[in-house]
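Each remark here refers to the structure printed beneath this line.
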There are 2 protein chains.
Amino acid sequence: MATVQNMDKIKERLSQMMSASERRAQLGQDHQSLEDLVYQRVRDKIIYHELKPSERIIDAKLAEEFGVSRSLVRQALTILEKEELVVSIPRRGFYVKDISKKDVQEIYDIRKLLEVFATELAVPNLPENQIAQVEEIFRVAREDLKEGVVESTIEADMRLHGMITEYCGNERLKKMIKQYNNLYVFYRIVDLSQINRANIAYVEHYEILEAVKARDVQRAKELMGQHIENAREIILQNFNFYTFGINEV
Amino acid sequence: MATVQNMDKIKERLSQMMSASERRAQLGQDHQSLEDLVYQRVRDKIIYHELKPSERIIDAKLAEEFGVSRSLVRQALTILEKEELVVSIPRRGFYVKDISKKDVQEIYDIRKLLEVFATELAVPNLPENQIAQVEEIFRVAREDLKEGVVESTIEADMRLHGMITEYCGNERLKKMIKQYNNLYVFYRIVDLSQINRANIAYVEHYEILEAVKARDVQRAKELMGQHIENAREIILQNFNFYTFGINEV
DNA sequence: AAATAGGAAATTGTTTACATTATATCACAC
DNA sequence: GTGTGATATAATGTAAACAATTTCCTATTT
């Protein structure tokens with residue numbers, strides 16, 4: 001069978017490119033093309049700051065590291081440029097995008113706009129069982145938080161936002177929000193790893209969940225908007241501390 | 001000089017690719033890279049329906065037509081896929097995206113969201129002289145419209161939206177709105193060429209301009225939102241008539 | 001006549017090569 | 001030492017080549 005042969009080749013590539021565990025995780029889903037894989041790896045290098053803001057990206061280096069040709073890396077970089085994680089200066093190469101306060105402002109303004117709208121669209125349509133599932137995760141998170149464990153709060157966060165995005169019913173909006181998530185990760189220098197923020201974020205999210213459960217669209221929107229503004233403020237407040245003096249504004 | 005040499009090569013390419021008048025227009029601005037030019041040409045072929053919705057796009061064909069290599073065409077297609085004008089089915093090629101009523105809904109919902117927000121941001125910051133300029137264009141348009149000439153109404157439309165976009169102050173929002181403009185063109189099967197619609201659109205735009213001039217943010221937002229909803233309705237009403245039976249929903 | 005198999009042609013995904021441009025190195029003058 | 005220019009090296013932009021897969025056409029079978 002053609003597909004089997006194909007799968008073997010992809011596996012072979014994969015083993016060059018990633019660790020065994022990552023590989024198994026990836027192979028679970030229906031076949032990722034090589035382009036997608038390369039895109040993801042380059043993107044992750046950027047959003048997790050393995051490639052640092054304003055650092056030059058040399059396609060040939062990444063190509064060698066991944067064991068693929070430059071074309072694939074360049075294609076990934078082209079997409080990442082569209083996603084605002086990379087800038088390309090003609091004849092001088094690609095660079096990881098800089099971090100500035102103005103960017104945080106812009107991104108979070110848009111995030112607020114998009115996610116509040118998604119909330120409006122999603123709240124009337126969320127299935128009860130989905131809400132119940134997320135509630136359960138919040139229950140676990142509350143217990144964990146008492147003992148200073150923040151991981152499940154992070155999960156609760158992601159699941160709540162994810163559920164709203166998933167059920168907003170507008171495919172383009174969905175894609176945009178998901179794309180912006182990469183930017184949040186990139187900019188989230190400060191995050192829930194601080195237990196204080198985790199506690200506050202837990203409460204904020206829980207309130208949103210309650211409004212969602214009550215199908216109170218207006219309240220859910222307000223809370224979501226407020227929550228995103230708060231998140232932005234935290235990042236901005238700690239910006240100078242966490243940034244590496246690369247870029248001010 | 002290095003740049004001069006470079007320029008000559010680009011010119012040479014350009015003459016292969018486009019008519020003399022187009023070429024001069026393009027060269028006015030600071031040098032467009034070949035990638036950009038190819039991207040623009042492929043994009044225009046799609047949004048002006050020279051390549052029809054759901055038609056297959058064969059990269060080699062376009063490459064030959066433009067006198068460039070497949071790499072450049074594929075790069076352009078990759079970007080256009082991100083912009084939702086093209087879909088790529090692995091191993092089976094690129095296709096011009098289909099047109100459906102649901103897409104019109106989605107796109108115009110997002111357009112409304114983005115442009116209303118841009119209005120909110122821009123109205124307090126628009127320079128008086130910019131407003132005056134656009135007013136002047138509206139004056140001309142009104143006269144022309146009396147004689148059944150719609151071109152300047154179209155220009156007035158574009159200038160008003162363009163001014164608001166330009167002064168919204170959020171660079172990312174700006175890019176998003178501009179990108180969506182391509183989609184509007186692609187979907188604008190019905191447009192201002194009908195004199196009735198032109199008259200209505202003129203009034204709608206003029207009201208927005210008045211609110212902008214009065215710096216009445218709230219009213220400007222409402223009018224803008226309403227105007228975009230109206231535009232969507234016109235398209236949807238005429239959808240079945242103008243569509244080629246490719247795709248329903 | 002319809003269905004199916006098989007092979008040729010077309011097309012895609014990816015790599016490799018090449019020309020041009022930018023960057024770094026080093027020698028030499030001041 | 002510092003600055004300047006020439007040369008070598010590295011990196012980019014683009015094209016061309018190649019392998020694998022799909023599509024299309026024809027011939028054969030039922």
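So that the names make sense, note that chain A is the first sequence line, chain B the second, and so on, each numbered from 1.
In this structure, Phe94(B) and Arg70(A) both approach DNA chain C, and ranking their closest nucleotides by distance from the 5' end singles out Phe94(B). Between Ser71(A) and Gly93(A), the one whose closest nucleotide on DNA chain D sits nearer the 5' end is Gly93(A).
Whole-Å rounding puts the Ile89(A) CD1 to dT21(C) C1' distance at 15 Å. Going from atom CD of Glu35(A) over to atom P of dT15(C) covers 11 Å, rounded to whole Å. In this structure, Phe66(A) places its CZ atom 16 Å from C1' of dT14(C), rounding to the nearest Å. Residue Arg91(A) contributes atom CZ, which lies 9 Å from atom C1' of dA11(D) at whole-angstrom precision. Taking atom OH of Tyr95(B) as the reference point, atom P of dT22(D) lies 12 Å away to the nearest angstrom.
Against DNA chain D, the stretch residues 55-64 of chain A makes heavy-atom approaches under 4.0 Å through Arg56(A), Ile57(A), Ile58(A), Asp59(A), Lys61(A).
With sequence neighbours left out, the side chain to side chain donor-acceptor pair (under 3.5 Å) criterion links Lys97(B) to Glu84(B). Partners of Tyr108(A) according to the ring pair (Phe, Tyr, Trp, His ring centres under 6.0 Å) rule, which considers only residues two or more places apart in sequence or in another chain, are Tyr184(A).
His49(B) and Phe186(B) have tilted rings, their planes meeting at an angle from 30° to 60° on a 0 to 90° scale.
A distance of 10.0 Å separates CG in Leu34(B) from CD in Gln75(B), rounded to the nearest 0.5 Å. To the nearest 0.5 Å, atoms CD1 (Ile235(B)) and CD (Glu233(B)) are separated by 10.0 Å.
The Ser69(B) side chain lies nearest to dT14(D) when the options are dT15(C), dT14(D), dT12(D). You'll find that the side chain of Arg92(A) is closest to dA22(C), out of dA22(C), dT22(D), dA15(D). Comparing dA17(C), dT14(C), dA15(D) by their closest approach to the side chain of Leu72(A) singles out dT14(C). When each of dA15(D), dA17(C), dA17(D) is scored by its nearest atom to the side-chain atoms of Val68(B), the top-ranked nucleotide is dA15(D).
The minimum heavy-atom distance linking Asp98(A) with Ser54(A) is given by the pair OD1-CB, 2.9 Å.
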So Met176(A) and Met176(B), side-chain contact (heavy atoms from CB on, under 4.5 Å) or not? Walk me through it. CA-CA 10 Å; Met176(A) 285 162 77; Met176(B) 283 162 76; 2.9 Å; yes
